[in-house]
**Student:** 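Encoded as structure tokens, here's the structure I'll be asking about.
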Amino acid sequence: MSKGIPDKNKDFSAWYNEIIKKADLAENSPVRGCMIIKPYGYSIWEKMQSILDKMFKDSGHYNAYFPLFIPKSYLSKEADHVEGFAKECAVVTHYRLKNDENKKGLIVDPKAKLEEELIVRPTSETVIWNSYKNWIQSYRDLPILVNQWANVVRWEMRTRLFLRTSEFLWQEGHTAHSNKDEAIKETLTILNIYSSFLEEYMGIPVLKGIKSESEKFAGAVDTYCVEALMQDGKALQAGTSHFLGQNFAKAFDVQFANSNGKMDYVWGTSWGVSTRLIGALIMSHSDNNGLILPPNLAPIQIVMIPIFNSDSEYDAIINLFEKIKIGLLKLNISCKIDARKFHKPGWKFAEYEMKGVPLRIAAGPRDLEKNTLEIARRDNLKKETISLDKAEQKIKKILELIQKDILKKAKNFRDNNSHNARDYDEFKNLVKNNSGFIYAHWDGTEKTEEKIKSETKATIRCIPYDNKGKPGKCIVTGKPSKQKVVFSKAY
RNA sequence: CGGGGCGUAGCGCAGUCCGGUUAGCGCACCUGGUUUGGGACCAGGGGGUCGCAGGUUCGAAUCCUGCCGCCCCGACCA
């Protein structure tokens with residue numbers, strides 16, 4: 001059935017690439033490392049956007065837009081920030097092309113050199129905090145809760161569609177607060193939005209935690225994250241929320257008068273999720289027949305496929321489908337009738353399986369006779385025949401069930417692939433077998449973290465912050481450890 | 001930047017070692033017909049600067065030289 005798609009268990013990354021191609025999500029661009037997101041892939045992103053956007057707005061945030069270009073000097077104002085991003089910035093140096101007099105074609109006009117070079121934003125903290133300086137005078141101007149939907153560029157050496165591309169789409173929230181507690185609270189509010197979005201809509205269970213010093217965002221005091229486990233046992237950072245402390249306020253001199261009339265630096269946060277989430281979606285649920293989309297994110301939730309011998313049968317079935325479609329639309333269920341005559345039903349079945357449409361309805365002469373429909377779930381490939389009576393309600397329930405089952409399956413997978421390592425040997429074995437999340441005691445030093453990374457390729461994904469667990473001894477050095485942390489190989 | 005691989009129709013490839021009619025196959029595409037409950041079949045058709053440039057030769061996809069591009073593995077990183 002699964003024609004031309006590599007076996008997920010034999011070659012996971014070839015499987016991943018092929019799903020993207022065959023499900024028509026995206027393709028490579030003429031520029032290395034960039035991607036062309038095709039309509040079907042982009043419609044998934046639009047769904048993610050609309051849901052998250054509502055969640056942000058419901059929690060008091062507003063959208064704004066800051067420019068693509070950032071003066072080079074801005075980037076260098078926050079020391080850690082430069083360190084983290086300087087190596088992967090695209091730089092604009094000129095503003096004009098001209099015809100080459102000797103050869104054919106265009107060349108950069110050497111006369112059109114910019115006085116100050118511009119960088120293409122790898123993230124927007126600097127340009128935004130530069131504005132906040134002007135927006136904020138008093139505690140009465142705070143908090144500022146801004147989000148923007150944008151593209152950013154980070155010049156990557158090795159790229160993979162959706163997971164790591166040189167240009168990607170994301171949202172970046174940037175908030176400013178009058179005190180530390182409120183900023184931390186904001187950071188966690190967003191983390192919870194991310195985790196419930198991932199679980200309730202994407203069907204992906206996540207681990208919430210704090211990044212270690214070496215993994216945190218360049219310029220943050222603390223980076224909180226949601227980490228998900230992919231089907232090949234590797235971890236994926238799905239979203240991050242940074243408590244910036246007063247770092248950017250100090251770098252850009254953003255002060256405000258507090259209620260006592262004293263000047264103080266503003267407290268900041270920033271947070272984002274990107275088109276990488278589409279990669280997470282693919283690698284969490286899909287199988288050897290193609291993509292599997294949770295109903296809450298599927299651009300098409302239901303596809304209807306007619307089976308017919310004659311034109312009169314065709315007309316009758318399409319007619320029936322139109323009626324069902326009206327009923328489903330009333331229940332807010334999106335559906336598509338595939339009325340094409342030039343493809344056989346079997347061809348269409350395979351096509352929509354590849355594209356991950358959660359539920360398929362088929363009807364043919366036999367169904368017309370008996371007043372039934374055949375429905376087939378994408379997630380478990382099970383088929384059943386239901387009667388036309390109250391079909392819409394039944395279908396709605398099944399979609400809800402699919403959503404739950406997808407999450408349940410992913411949770412089971414994660415639980416079965418979470419392990420405790422009591423000593424370093426056991427740890428190494430677990431890593432070698434791609435055993436997912438590995439909980440182990442760590443002495444908290446960068447040195448030990450680095451040693452583990454270079455010897456095993458596993459990194460600290462996060463330090464869990466809600467169920468902290470008990471103190472113990474570091475698996476490498478035997479020094480005291482406050483709690484177990486989560487290691488894994490990661491994307 | 002190191003190591004490996006590849007460039008031939010929209011896609012995937014054969015042909016290259018050992019030069020020789022008009023460059024071939026599968027998928028896709030177009031036309032007509034028969035089909036349609038799990039990727040239909042038959043017949044016909046369209047589509048190529050063989051990555052680019054130069055050289056050797058009566059003759060180059062094939063041999064030689066240079067260049068360009070892409071992919072994979074490492075170093076680096078969300």
Side-chain angles (χ1 to χ4, degrees), chain A residues 1-6 11 13-14 17-18 21-22 24 27-33 83-89 122-123 152-170 172 211 214-220 223 225-228 234-242 270-277 279-280 289-290 305-311 313-314 317 338-355 360-370 372-376 378 381 383 385 453-454 457 459 461-462 490-491:
Chain A
M1 211 190 296
S2 54
K3 278 192 179 167
I5 174 167
D11 191 344
S13 77
N17 292 336
E18 209 51 30
K21 225 184 268 178
K22 291 253 164 70
D24 222 19
E27 61 191 30
N28 283 305
S29 85
V31 177
R32 186 193 140 79
E83 176 94 10
F85 287 106
K87 283 174 285 182
E88 47 186 19
C89 284
T123 179
V152 287
V153 169
R154 296 178 189 177
W155 214 261
E156 298 289 346
M157 292 186 180
R158 288 186 62 190
T159 57
R160 298 198 62 193
L161 290 175
F162 293 117
L163 294 177
R164 175 170 286 112
T165 46
S166 288
E167 180 194 16
F168 57 88
L169 306 182
W170 75 347
E172 46 179 328
K211 285 289 183 191
S214 68
E215 295 277 335
K216 79 179 189 191
F217 175 74
T223 287
C225 62
V226 283
E227 292 284 326
K234 284 167 85 174
L236 182 86
Q237 178 178 299
T240 46
S241 182
H242 315 291
S270 68
W271 29 273
V273 293
S274 71
T275 36
R276 178 180 247 199
L277 287 179
N289 295 313
I305 297 171
I307 297 160
F308 56 95
N309 296 305
S310 65
D311 282 352
E313 278 169 5
Y314 175 84
I317 292 161
D338 189 340
R340 292 176 297 178
K341 285 182 171 174
F342 48 82
H343 283 308
K344 287 181 69 177
W347 192 94
K348 294 178 182 174
F349 292 174
E351 156 125 333
Y352 293 105
E353 268 162 25
M354 194 59 77
K355 292 194 155 193
R360 176 183 79 226
I361 298 176
R366 296 206 295 264
D367 297 295
L368 282 182
E369 228 172 82
K370 297 178 193 161
T372 56
L373 296 170
E374 181 192 85
I375 57 173
R378 173 63 186 92
L381 299 170
K383 286 195 262 198
T385 302
K453 185 180 175 183
S454 65
K457 287 187 176 169
T459 50
R461 298 326 303 152
C462 72
Y491 278 97

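Chain letters run A, B, ... following the sequence lines, proteins first and then strands; every chain starts at 1.
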**Student:** Using whole Å, report how far CE of A/Met157 lies from C1' of B/C71.
**Tutor:**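 Distance, rounded to whole Å: 17 Å.
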**Student:** What is the distance from CG of A/Asn28 to P of B/C71, rounded to the nearest Å?
**Tutor:**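 It is 6 Å, rounded to the nearest whole Å.
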**Student:** Which whole-number value in Å describes the distance from A/Glu27 CD to B/G12 P?
**Tutor:**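 The distance from CD of A/Glu27 to P of B/G12 comes to 12 Å, rounded to the nearest Å.
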**Student:** According to the interplanar angle, ranging from 0 to 90°, do the rings of A/Tyr314 and A/Phe308 count as parallel (below 30°), tilted (30 to 60°) or perpendicular (above 60°)?
**Tutor:**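 Ring orientation of A/Tyr314 relative to A/Phe308: perpendicular.
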**Student:** How close or far is atom P of B/U36 from atom CG of A/Asp311, stated in whole angstroms?
**Tutor:**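 To the nearest whole Å, that distance equals 13 Å.
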**Student:** I want to check one thing: is the phosphate of B/G38, taken as OP1 and OP2, less than 4.0 Å away from some side-chain N or O of A/Arg360?
**Tutor:**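 No, because none of the side-chain N or O atoms of A/Arg360 sits under 4.0 Å from OP1 or OP2 of B/G38.
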**Student:** Evaluate A/Thr223 against A/His242 for side-chain hydrogen bond (donor to acceptor under 3.5 Å, both in side chains), listing each step before the verdict.
**Tutor:** CA-CA 4 Å; A/Thr223 287; A/His242 315 291; 2.8 Å; yes
**Student:** Identify all pairs in which a protein N or O lies below 3.5 Å from an N or O of nucleotides 40-45 of chain B, and state each distance.
**Tutor:**
from, atom 1, to, atom 2, distance (Å)
B/A40, O4', A/Lys344, NZ, 3.4

**Student:** Which whole number of Å gives the distance between the C1' atom of B/G24 and that of B/C64?
**Tutor:**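 After rounding to an integer number of Å, I get 27 Å for this pair.
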**Student:** Is the gap between the ring centers of A/Phe162 and A/Tyr491 under 6.0 Å?
**Tutor:**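 They do not qualify: ring centres at least 6.0 Å apart.
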**Student:** Looking at A/Lys234, I'd like to know if its NZ atom is crowded, meaning that more than 12 non-hydrogen atoms belonging to other residues, nucleotides or ligands lie closer than 6.0 Å.
**Tutor:**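 Yes.
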**Student:** Base, sugar-phosphate, or nothing for A/Lys383, non-hydrogen atoms under 4.0 angstrom?
**Tutor:**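 Result for A/Lys383 = base.
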**Student:** Let's see if you can work this out: which of B/G39, B/G37, B/C77 has an atom nearest to the side-chain heavy atoms of A/Ala350?
**Tutor:**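 My answer, after comparing the listed nucleotides, is B/G39.
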**Student:** Contact class for A/Leu163 (heavy atom, under 4.0 Å): base, sugar-phosphate, or nothing?
**Tutor:**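 Result for A/Leu163 = base.
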**Student:** Could you tell me how far apart A/Lys453 (NZ) and B/C77 (C1') are, to the nearest whole angstrom?
**Tutor:**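 Atom NZ in A/Lys453 sits about 8 Å away from atom C1' in B/C77.
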**Student:** With a non-hydrogen cut-off below 4.0 angstrom, is A/Arg32 in contact with a base, only sugar-phosphate, or nothing?
**Tutor:**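 Sugar-phosphate contact only.
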**Student:** I want to verify a distance call: between B/C77, B/G39, B/G74, whose nearest atom is closest to the A/Arg164 side chain?
**Tutor:**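 Nearest to the side chain of A/Arg164 among the choices is B/C77.
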**Student:** Looking at every strand, decide which applies to A/Glu88 at a 4.0 Å heavy-atom threshold: base, sugar-phosphate, or nothing.
**Tutor:**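 The answer is sugar-phosphate, as A/Glu88 gets under 4.0 Å only of primed atoms, P, OP1 or OP2.
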**Student:** Think A/Arg360 forms a cation-pi with A/Phe349, using NZ or CZ under 6.0 Å from the six-ring centre and within 45 degrees of its axis?
**Tutor:**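 Yes, cation above the ring, under 6.0 Å and within 45°.
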**Student:** What is the distance, rounded to the nearest whole Å, between atom CG of A/Leu161 and atom P of B/C72?
**Tutor:**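 Going from A/Leu161 (CG) to B/C72 (P), I get 10 Å.
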**Student:** So what does A/Thr123 hit on the nucleic acid, given a heavy-atom distance under 4.0 Å: a base, only sugar-phosphate, or nothing?
**Tutor:**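 No contact.
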**Student:** Would you sort out whether A/Leu236 and A/Leu163 count as a side chain to side chain contact (heavy atoms under 4.5 Å, CB included), showing the intermediate values?
**Tutor:** CA-CA 9 Å; A/Leu236 182 86; A/Leu163 294 177; 3.9 Å; yes
**Student:** Which whole-number value in Å describes the distance from A/Lys211 NZ to B/C77 P?
**Tutor:**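 Taking atom P of B/C77 as the reference, NZ of A/Lys211 is at 14 Å.
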**Student:** Determine which pairs satisfy salt bridge (Lys or Arg N to Asp or Glu O under 4.0 Å) with at least one residue from residues 339-352 of chain A, sequence neighbours left out, and list them in order.
**Tutor:**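 The answer is A/Asp311-A/Lys341, A/Asp338-A/Arg340, A/Asp338-A/Lys348, A/Arg340-A/Glu351.
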**Student:** Rounded to the Å, how far apart are A/Glu313 CD and B/G37 C1'?
**Tutor:**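 About 11 Å, once rounded to whole Å.
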